[in-house]
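Scope of the values below: all heavy atoms of this structure, side chains included, with no hydrogens, waters or symmetry mates. Treat the numbers as computed from the prediction; the structure is a model and nothing was measured. Residue numbers begin at 1 in each chain, while the letters A, B, ... track the order of the sequences.
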There are 2 protein chains.
Amino acid sequence: MNKIDIRYLAKELNLAISTVSRALRDSHEISPETKEKVFALAKRLNYQPNPNASGLRGQKSKIIAVVIPDMVNDFFSLVISGIEKITQAQGYHFLLYFTHGDHALEVSFINTLANGRVDGVLLSITDENNNNEHLEELNRKGIPLVLFDRVSERLDNVKVTSDNYESAVTATRHLIDTGCKKIAYLKVHKSIPVGTIRESGYLEALEKYSKQPAPLILECTNDNDEAFAAIRNMLEKEKPDGIFASLEKLAVVCYRVCEQVQLKIPEDIKVISFSNLQTAALLNPSLTTITQPAFEIGETAARELLRIIRKKGGAKGDVVLKSRLIERRSTSK
Amino acid sequence: MNKIDIRYLAKELNLAISTVSRALRDSHEISPETKEKVFALAKRLNYQPNPNASGLRGQKSKIIAVVIPDMVNDFFSLVISGIEKITQAQGYHFLLYFTHGDHALEVSFINTLANGRVDGVLLSITDENNNNEHLEELNRKGIPLVLFDRVSERLDNVKVTSDNYESAVTATRHLIDTGCKKIAYLKVHKSIPVGTIRESGYLEALEKYSKQPAPLILECTNDNDEAFAAIRNMLEKEKPDGIFASLEKLAVVCYRVCEQVQLKIPEDIKVISFSNLQTAALLNPSLTTITQPAFEIGETAARELLRIIRKKGGAKGDVVLKSRLIERRSTSK
DNA sequence: TTGAAAGCGCTAACAA
DNA sequence: TTGTTAGCGCTTTCAA
C-alpha cells in the first residue's frame, strides 16, 4: 500500500504538487473543476496532510498544551471538558500535562513546550507563590499563554478565574440571612491557596452582616478520620448553628458527623459547601452548595487562548466567572 | 532574540550541524569533549529540538492519542491519570479526545490521526456494537492500537480490561454469603454495555450459589428522581434484603431511598455497588463497594502501547485486571 | 571523529 | 489558473 501524500495525489491527477496543495486549502486561484477533482480523490483515499510537515513549514501545530495540577477532584475534569468542547469546535488538539503539585515539573513542561510543539498554553499555576521566570520566558518567546483558576497577579497574561472571594461572602451571608448566629468555617490545610481566599470572604461577611462576636475557624487535615474527629469535637464544644465548608469533602464528613451526633440538617444546623461533584445533589437533599463554573472556565480560557493565537486582537480579556449558589430543599419530593 | 535551533548551536561552537545533532543524541562517534561543549551550550540556551522537524524526519512524534467517550464519571479520569504516569515517565506526550458517545466522531478522530500526528492510539470504543472498519484501517496502516475497558472481540489488538463479569459474580456472591435471600440488581438503561455484562454475573451467581427463585432486576433511567421513585417502589413491593447496584450513582440514590423508608444499612438491607468515586468511603460507612482498577487500566494500556510502539516484541499482552471488593464497617469508629 | 548534503511532506513566493 | 522551487529544522548517509 502506497503512502498517500500530496505528491501521490498530484501524480494521480497529473497536477503540480502546489496546485493540489492550494486546491486542498480551497484557494481562490484554483479552478472549481480542479478543486472538485482534488477533493474527490483526497476523500476517496482518505488523505490526511502530515501535521509535522505543515507544522514545520508554517510554524504552527494546531495543538495547545493544558497544564494542570492533577485530576483528583471533579473541578479539573470539568475544566478539561470545557476546553475540549472549544478546541474540538475550532479544529485544535490539546496535550494534557499534570504537575502533581511539583513546581519543578511545571517549569520543565513549560520549557519543553516552547519549541513549536504547541501554539499556546493553558495553565493553572501549581504553586502561586513560587517564581514564574519560566512563564516570563514563555511570554518573551511570544507563545500565547492564558492562566485559569490558579493565576499570578505578577503576570500580565489573560486570566480566567471564578469569584472565590465574593462567592464565599455570598455563602456566608446566605447562612446569616437564613438565621444562623454562629457560623463555623471548615478549611483545609493552608497549602491550598483557594482556602485562604474563601476564608477572607467568610470573615468579611461575618464582619459586615453578622453580630457573631468572633469567627470560628476549624482547620482540618486531609485525613478523613482526623477531620471527622475534629469536626465532631468542634460541633459538641462550640455548638454552631451554621457550617461553611470550603471543600465538598469536608461537607460530606461534616454531614456524617451530624448524623452521628443526631443533628438534623437543616433544622438543627445549616450546612453550605463549595462543590463541583456532580453527584452532590444526591448526597444530601439539604446540602446547599456553591458551585464553581468549572466547565465555563475551561471554555472561556480555551476561547481566549485561541483568540490570541489567531491574533484576533480585541481587548485583553480577563474574565471572572460567577459561582452559583444552589439551595436544595426536597430534591425528590 | 535569536531563535535557538541546531544551526545556531553549530555556529556558536564552530561545529557542523550534524556533529551537534549527533552530540545531542549522545552518539558514540562524538568525542567526549565535543559532547561536553554541546551539552553545556544547549543547556545554557535552553535549547529544545523542534518536534515537527524531528517528527517529519524520523516519522515519529512521541505523541499518543487517547480516545475515550467522556469524563463524566471518575472512571476515565482515573484511567487518564494512569496513562499520564506512564507517558510522562517514558518521555511521551498524549492528546486527549472525547467522542461523547458519537460513533461518527470516533471514526473521524481515528481517521485524522492516521497521518503521523501520533505514534499510537489508546482507545475505549464508543459503540461496541458498531462496525470498526476505521480501526481495521488503522491496523492496516500499521499504527499501534491498544483497546481498553470497552473493547471489541472482533479486533485482534491488545486489550486491557477489568473483570466485570467475575466481579459481578463476586459481588452477588458476597451478598449471598452474608445471608441475603432476595437480591435485587439495579441496572441502567441498556445502552451501557457494561451493565449487561454485570447482569450476567449477577444471574450466574444467583443460579450457582443462591436458592432465590427468580432474579429481581430493576432497570433505572438516568433521571435521578425517576430512579428514586422506581427504587422506592421496588423496595416496598419486593422487600429485597440485598441490593447490587451496577453503578455508584444508583447506590447513592438507593441509599437515600433507604433513609426515607427507614431501612437501616446493613442491618435491614445490604447494599453493594460498583464504584470509582474517591469519596465513596465518605458517603456511607456501610456501603460495600466493588472498585474497578481504573488507574491500573490506564497504566497497563499505556505501557502496552509504548511497548508495541518501540517494537519491544514479547507476547501479545491481553490483560484482565482484577476489581477489588471493599467491605466497610466503621470507617471512623 | 567530524563535515557536507539529501530529504522527510508541506506551503508559498515567484515564474509562466 | 497552474507549475517550479526554496526551505521549515532535523537526522542520517556518505565522504573526508
Trainee: Which whole-number value in Å describes the distance from Lys11(B) NZ to dC10(D) P?
Mentor: 13 Å
Trainee: Please report the distance, rounded to the nearest Å, between CD1 in Ile17(A) and P in dA13(C).
Mentor: 18 Å
Trainee: Roughly how far, to the nearest 0.5 Å, is the OG atom of Ser77(B) from the CD1 atom of Ile80(A)?
Mentor: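 Rounded to the nearest 0.5 Å, the CD1-OG separation comes to 9.5 Å.
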Trainee: Please lay out, stage by stage, how Glu133(A) and Arg140(A) fare under the test salt bridge (charged side-chain N to carboxylate O under 4.0 Å, His left out).
Mentor: CA-CA 10 Å; Glu133(A) 176 51 37; Arg140(A) 254 176 265 130; 2.9 Å; yes
Trainee: Grab the CG-C1' distance between Leu24(B) and dC10(D) for me, whole Å please.
Mentor: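 Going from Leu24(B) (CG) to dC10(D) (C1'), I get 11 Å.
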Trainee: To the nearest Å, give me how far apart CG (Asn14(A)) and P (dT4(D)) are.
Mentor: 11 Å
Trainee: Inspect the contact between Glu136(B) and Lys141(B) and indicate whether a charged nitrogen and a carboxylate oxygen are less than 4.0 angstrom apart.
Mentor: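 No salt bridge links Lys141(B) with Glu136(B).
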Trainee: Classify the angle between the aromatic ring planes of His134(B) and His103(B) as parallel (below 30°), tilted (30 to 60°) or perpendicular (above 60°).
Mentor: perpendicular
Trainee: Is Asp26(A) salt-bridged to Lys35(A), going by a charged N under 4.0 Å from an acidic O?
Mentor: yes
Trainee: Looking only at the side chain of Arg22(B) (C-beta and beyond, no hydrogens), which of the listed nucleotides dT12(D), dC8(D), dC10(C) gets closest?
Mentor: dT12(D)
Trainee: Using a strict threshold of under 4.0 Å (side-chain N to carboxylate O), is an ion pair present between Glu128(A) and Arg150(A)?
Mentor: no
Trainee: Applying a 4.0 Å non-hydrogen cut-off, can you work out what Leu15(A) is touching in the nucleic acid: base, sugar-phosphate, or nothing?
Mentor: sugar-phosphate
Trainee: It should be established whether Arg7(A) places a side-chain nitrogen or oxygen under 4.0 Å from OP1 or OP2 of nucleotide dC8(C).
Mentor: yes
Trainee: How close or far is atom P of dC8(C) from atom NZ of Lys3(A), stated in whole angstroms?
Mentor: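 So the NZ-P distance, Lys3(A) to dC8(C), works out to 7 Å.
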Trainee: In whole angstrom, what separates Lys60(B)'s NZ from dG9(C)'s C1'?
Mentor: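 Atom NZ in Lys60(B) sits about 16 Å away from atom C1' in dG9(C).
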Trainee: Figure out the CG/C1' separation between Asn115(A) and dC10(D), and round it to whole Å.
Mentor: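 Result: 12 Å.
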Trainee: Counting only side-chain heavy atoms from C-beta out, which of dG3(D), dC10(D), dA5(C) sits nearest to Ser18(B)?
Mentor: dA5(C)
Trainee: Scan residues 25-50 of chain B against DNA chain C and write down, sorted by residue number, each residue with any heavy atom closer than 4.0 Å; if none is found, say none.
Mentor: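 Contacts with DNA chain C under 4.0 Å: Glu29(B), Ile30(B), Ser31(B), Thr34(B).
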Trainee: Look at atom CD of Glu36(B) and say whether more than 12 heavy atoms of other residues, nucleotides or ligands are closer to it than 6.0 Å.
Mentor: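 No.
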Trainee: Separation of Leu13(B) atom CG from dT2(C) atom C1', in whole Å?
Mentor: 14 Å
Trainee: Give Ser21(A) one of three labels, base, sugar-phosphate or nothing, depending on what nucleic acid heavy atoms sit under 4.0 Å from its own.
Mentor: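 Base contact.
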